[in-house]
Engineer: 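Sharing a structure, written as structure tokens. Questions coming.
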Amino acid sequence: MLDKKYNHKEVEKGKYKKWLDKEYFKCGDKSKEPFSIILPPPNVTGKLHLGHAWDVSIQDIVARYKRMQGFDVLWLPGTDHAAIATEAKVVAKLKKEGINKYDLGREKFLEKCWEWTEEYGGNIREEWANMGLSLDYSKERFTLDEYSVNAVNKAFIEMYNKGLIYRGKRIINWDPEAKTALSNEEVIYKDTKGAFYHIKYFIEGTKDYLDVATTRPETLFGDTAVAVNPKDDRYKHLIGKNIIVPIVNRVVPIIADSHADIDKGTGVVKITPAHDPNDFEVGFRHNLEQIVIMDETAHMNEETGKYNKMDRFECREKLVEELKEKDLLIKIEEITHSVGYSERTNVMVEPYLSEQWFVKMKKMCEDLIEMQKDKNKKVNFIPKRYEKILIQKAEECYDWCISRQLWWGIRIPIWYKDGEMKVSIESPGEGWKQDEDVLDTWFSSALWPFSTLGWAMEDDSLYKRYFPTNFMSTGYDILFFWVFRMMFQSQEFTNQNPFKECYIHGLIRAKDGRKMSKSLGNGVEPSEMVEKYGADALRYYLTTNSAAGLDLRFDEEKMASTWNFINKLWNASRFVLMNIEDLKKESLDNLKLEDKWILTKLNKTIKEVRKNMDKYELNLAGSTLYNFIWEDFCDNYIELSKSSLNDNTTKTVLLKVLTSILKMLHPYMPYVTEEIYSMLPIKDSESIMISSYPKYNKNNSYIDEEQLLNKVLEDVTNIRNLKVNNNITKESSIKLETSKDLESIYKNALKIKEEQLITGIPSDKEEYNYKSNYINITFYQDGKVINKELLISEIEKLEQSIKKRENLLANENYVTKAPAHVVELDRQKLKEEQEKLNYLREQL
RNA sequence: GGGCGAUUAGCUCAGUUGGUUAGAGCACUUGCCUUACAAGCAAGGGGUCGGGAGUUCGAGUCUCUCAUCGCCCACCA
């Protein structure tokens, strides 16, 4: 016997281990059609947050659904070394111990990183288990294992040989804290208070100066020109003359370049080719010298004279003082402008001239756009709009900086000796030195859908069977970081897209709509919710409370109401199990009206749920189930079944409906459905996980009976309403006229006792009547206080409705143009309303 | 500057190719311990679907426009 209350801790205990022991999560049944999902690998040293919990719930639902439909499902788990994020954490930890990364040396430092990975790597696996995820752990991968490293090397070498990867001295985004280059995607722009510093630049040999405005005065040490727009009449005469950079007193040319915007600031712009991406381009066009004025920690270098070794911000302050003193500062105009910060270390990014490795993007972006136009090859995005966003990104693509001056990662397979350069995994021989840099962590992630399957391994059988994968799910925040890059890399190396469907979900927000973050202290841990409400409740809540692609505000009240729903399921199951214990053999020979009704509703529900599951509309499938279970099954069918619980047919219907409900809920709520399923007296498999998903069966539909009981239940509601409104008690006498078939249903639903029934009409009582096509019922009791107001307002409402409908049906356009069944429904409805109106008028 | 999304009940949100009276959870009112469940049951109240215009027999849904909030990209001397 089940407990009276659902206890998620009891229910969830031990089940995951059992599934693992039985190897239900393992793929490989060749007799079945393959279906594959690759889990987006979380940061190995991170924690599972609610966003992950959402993401993995979606995937597990799809995996379990497909498995129950008879697919050979591979859901491959893995973790990411997350180069910069992990390295930053290890550096911070060492710092606390008073150890400097560079003193430790590369090899020792990597040992520390591996230790860290071992220590924290288990956390993630534990949290996957808590969520009940049906991952095939025998295929688990890590972005630094040989599957990934081999693939990265193979891909790099191929791209290098094709000329898709090149080395160049460019302005990149430099993180002076982590001392590494970043890709554009790793820079976050934030509005920051700053100022325009207007500085006097004297024209050579004159006492005239130009007002040059800059937000970064300290970069003047690197100025090698001042530019004006060639069309700017104010300065035309100065083009070709020289100007003197203040403080350093360097003589530089005044050049004409369209980069200078006539309407912006003073129209004069200083050019610092080594410290600004636009200036770099200008410098390139005009063949200007590039003077680097900072070191890799964003401290000033020897080019800056007395400011040498000073921090960039301190230098700015001191330099402005000096400019003031020397009367070179015209004014300081405070502004708010957006400034780039490093995604990981949160320090202000410095545009920095350095030698880096890049992936040439133009051709691959064009190919991606082309492939997206091919119906058979494209990735289907859910929701669709993300395809457009991706194409826009591809249209304005720029080259991808892939080298990172870090140690934790996959090293670039390039070797140098005496100015020569060779691409190779192993050292080409004596005296060759490998490039010091590692690759952007996203370079390995981009290959993930096929590297994990053994694309670069001798045994590529998994790759052959499961690639391309069927389904990918991820948040929109990594659309450009990851989805985009997986697509072009996969297209480059396999000529096809890495997945057929790509489900994009939003971000989890706090209840007030703000981002969940450590600093705000409003974060919610999934493990906390699992503890409090169970994994089943968390999974169902996350996947049924928003539409695809939109953010979700986390609301613990809804978690609680999800728990209530499971408790409802639990108790309905309790009721069914209590009453079918002795069911030996299923039998449906004696179907009553309510049996046909619930079986038809069930059949419709199966159809609807499957339709939505197939479209990955998990919220719609979920709410269809919710309504069916709570309203149709619990509130109506179970109540009606109570009068015939000894009947084998009733028992069978209860079992059948419950079994189907459990199966359809299983992808959402694996634990509780497994628990209840295990107690069913008759079932088709040892675990619900490996049972088959309910199928729509058109022979199981009794449309007429369904309609009839729907009407009867409407009557029941109306009669209950009449009773409530008029205070009709259990002691009232009742005259009941209805058909034989419906009598017991009405009696049951309205809880009419035999002794209340009378045949004559008592003269001294007041009467209350309700009549429809199926029933004519009158209640008699003393002391009538007619609720005239209520009756009148009801009549008024009805009259309005009738008028509206009559007008509609009088409209020839409507009658001729609208579909026949819609018009027919209106006619029927009108008839019913008119009958009801007559009735109400009589009562008044 | 370019683009995307949101705006529906007091709150948080669903709403499929345009088609009966726009739904749910929570909150609210009234009455019930009816032996599956009081974390429940029964009956209710509450919405001119952000504003305006258009297409249509018919618009929460399609088109245009305005507003507010949010996000992404680009620029940022």
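Every chain is numbered from 1 and lettered A, B, ... according to where its sequence line falls, protein lines coming before strand lines. Keep in mind it's a predicted model, so treat the numbers as computed, not measured.
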Engineer: Give A/Ala818 one of three labels, base, sugar-phosphate or nothing, depending on what nucleic acid heavy atoms sit under 4.0 Å from its own.
Structural biologist: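 Here A/Ala818 touches the bases of the nucleic acid.
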Engineer: Within the structure shown, what part of the strands sits under 4.0 Å from A/Tyr386 by heavy-atom distance: base, sugar-phosphate, or nothing?
Structural biologist: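 The answer is nothing, as A/Tyr386 stays clear of every strand by at least 4.0 Å.
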Engineer: Could you check how far CD1 of A/Ile638 sits from P of B/C37, rounded to whole Å?
Structural biologist: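 Rounded to whole Å, this separation is 11 Å.
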Engineer: Using a cut-off of 4.0 Å on non-hydrogen atoms, how would the nucleic acid contact of A/Trp563 be classed: base, sugar-phosphate, or nothing?
Structural biologist: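 The residue A/Trp563 makes base contact.
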Engineer: If you go through the side-chain atoms of A/Lys511, does one of them form a donor-acceptor pair with the base of B/U12 closer than 3.5 Å?
Structural biologist: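 Looking at the base of B/U12, it does not pair with any donor or acceptor on the side chain of A/Lys511 (distance under 3.5 Å).
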Engineer: Name every residue in residues 804-812 of chain A that has at least one heavy atom under 4.0 Å from any atom of RNA chain B, in order of residue number, or write none if there are no such residues.
Structural biologist: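 Hits under 4.0 Å, by residue number: A/Arg805, A/Asn811.
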Engineer: Is a side-chain N or O of A/Thr717 found less than 3.5 angstrom from the main chain of A/Leu713, in a donor-acceptor match?
Structural biologist: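 Yes: the side chain of A/Thr717 pairs with the backbone of A/Leu713.
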Engineer: Ignoring hydrogens and geometry beyond distance, is the side chain of A/Glu639 in donor-acceptor contact with the base of B/A36 at under 3.5 Å?
Structural biologist: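 Flag set: donor-acceptor pair detected.
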Engineer: With hydrogens left out and only the distance checked, is there a donor-acceptor pair under 3.5 Å joining A/Ser561's side chain and the base of B/C26?
Structural biologist: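 A donor-acceptor contact between them is absent.
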Engineer: Counting any heavy atom closer than 4.0 Å, what does A/Lys753 reach on the DNA or RNA strands: base, sugar-phosphate only, or nothing?
Structural biologist: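 It contacts nothing in the nucleic acid.
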Engineer: So if I apply the ring pair (Phe, Tyr, Trp, His ring centres under 6.0 Å) rule between A/Tyr626 and each of A/Tyr668, A/Phe565, A/Phe633, which one comes out positive?
Structural biologist: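 For A/Tyr626, the ring pair (Phe, Tyr, Trp, His ring centres under 6.0 Å) check succeeds only for A/Phe565.
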Engineer: How close or far is atom P of B/A39 from atom OH of A/Tyr533, stated in whole angstroms?
Structural biologist: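 Atom OH in A/Tyr533 sits about 15 Å away from atom P in B/A39.
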Engineer: Could you give the CG-to-P distance, from A/Leu552 to B/G25, as a whole number of Å?
Structural biologist: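 Answer to the nearest Å: 18 Å.
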Engineer: Need one value for A/Tyr398: base, sugar-phosphate or nothing, where a base atom within 4.0 Å counts as base even if backbone is also close, heavy atoms only.
Structural biologist: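 Sugar-phosphate contact only - A/Tyr398 comes under 4.0 Å of backbone atoms but never of a base.
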Engineer: How would you label the contact of A/Glu395 with the nucleic acid (heavy atoms, under 4.0 Å): base, sugar-phosphate, or nothing?
Structural biologist: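 Since no nucleic acid heavy atom lies under 4.0 Å of A/Glu395, the category is nothing.
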Engineer: Quick check with a 6.0 Å cut-off and a 45 degree axis cone: is A/Lys611 positioned over the face of A/Tyr696's six-membered ring?
Structural biologist: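 Here A/Lys611 fails the 6.0 Å and 45° test against A/Tyr696.
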Engineer: Taking any heavy-atom pair under 4.0 Å as a contact, classify A/Tyr626: base, sugar-phosphate, or nothing.
Structural biologist: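 Here A/Tyr626 touches the backbone only, sparing every base.
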Engineer: Taking A/Arg827 for the side chain and A/Leu809 for the main chain, is one N or O donor matched with an acceptor at less than 3.5 Å?
Structural biologist: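 The answer is no, because no donor-acceptor pair under 3.5 Å joins these two groups.
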Engineer: Confirm from the modelled atom types if A/Lys4 and B/C37 form a donor-acceptor pair under 3.5 Å, side chain to base only.
Structural biologist: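 Between B/C37 and A/Lys4, which were checked side chain against base, a qualifying N/O pair under 3.5 Å is absent.
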Engineer: Students often get this wrong, so: under 4.0 angstrom with heavy atoms, is A/Asn278 touching a base, only sugar-phosphate, or nothing?
Structural biologist: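 Since only primed, P, OP1 and OP2 atoms lie under 4.0 Å of A/Asn278, the category is sugar-phosphate.
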Engineer: Quick one: do the A/Asp223 and A/Thr272 side chains pair a donor with an acceptor below 3.5 Å?
Structural biologist: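 Distance-only check passes for A/Asp223 and A/Thr272.
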Engineer: Regarding A/Tyr6, tell me which of base, sugar-phosphate or nothing describes its non-hydrogen contacts under 4.0 Å with the strands shown.
Structural biologist: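 Here A/Tyr6 touches no strand at all.
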Engineer: Does A/Lys558 make a cation-pi contact with A/Tyr541, if we ask for NZ or CZ under 6.0 Å from the ring centre and within 45° of the axis?
Structural biologist: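 Here A/Lys558 fails the 6.0 Å and 45° test against A/Tyr541.
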Engineer: Quick one: label A/Val815 by what it contacts on the DNA or RNA (base, sugar-phosphate, nothing), any heavy atom closer than 4.0 Å.
Structural biologist: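 It contacts nothing in the nucleic acid.
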Engineer: Paired stems touching RNA chain B, three or more consecutive Watson-Crick or G-U pairs with both distances under 3.5 Å?
Structural biologist: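 Ordered by first number, the stems with RNA chain B (at least 3 consecutive pairs each) read B:1-7 with B:67-73, B:10-13 with B:23-26, B:28-32 with B:40-44, B:50-54 with B:62-66.
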Engineer: Whether the side chain of A/Thr215 and the base of B/C76 hold a donor-acceptor pair under 3.5 Å is what I'd like checked.
Structural biologist: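 No such pair is found, so the answer is no.
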Engineer: Roughly, in whole Å, what's the span from CG in A/Asp191 to P in B/C71?
Structural biologist: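 Spelled out: CG on A/Asp191 to P on B/C71 is 11 Å.
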Engineer: With a 3.5 Å cut-off and just heavy-atom distances, do the side chain of A/Lys558 and the base of B/U12 make a donor-acceptor pair?
Structural biologist: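 Present.
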Engineer: Which part of the nucleic acid, if any, lies within contact of A/Asp276, taking any heavy atom under 4.0 Å across all strands shown: a base, the sugar-phosphate backbone alone, or nothing?
Structural biologist: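 Result for A/Asp276 = sugar-phosphate.
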Engineer: Okay, side chain of A/Arg312, backbone of A/Arg216: is any donor-acceptor separation there less than 3.5 Å?
Structural biologist: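 The answer is no, because no donor-acceptor pair under 3.5 Å joins these two groups.
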Engineer: What nucleic acid atoms does A/Lys5 come within less than 4.0 Å of, heavy atoms only: base, sugar-phosphate, or nothing?
Structural biologist: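 Base contact.
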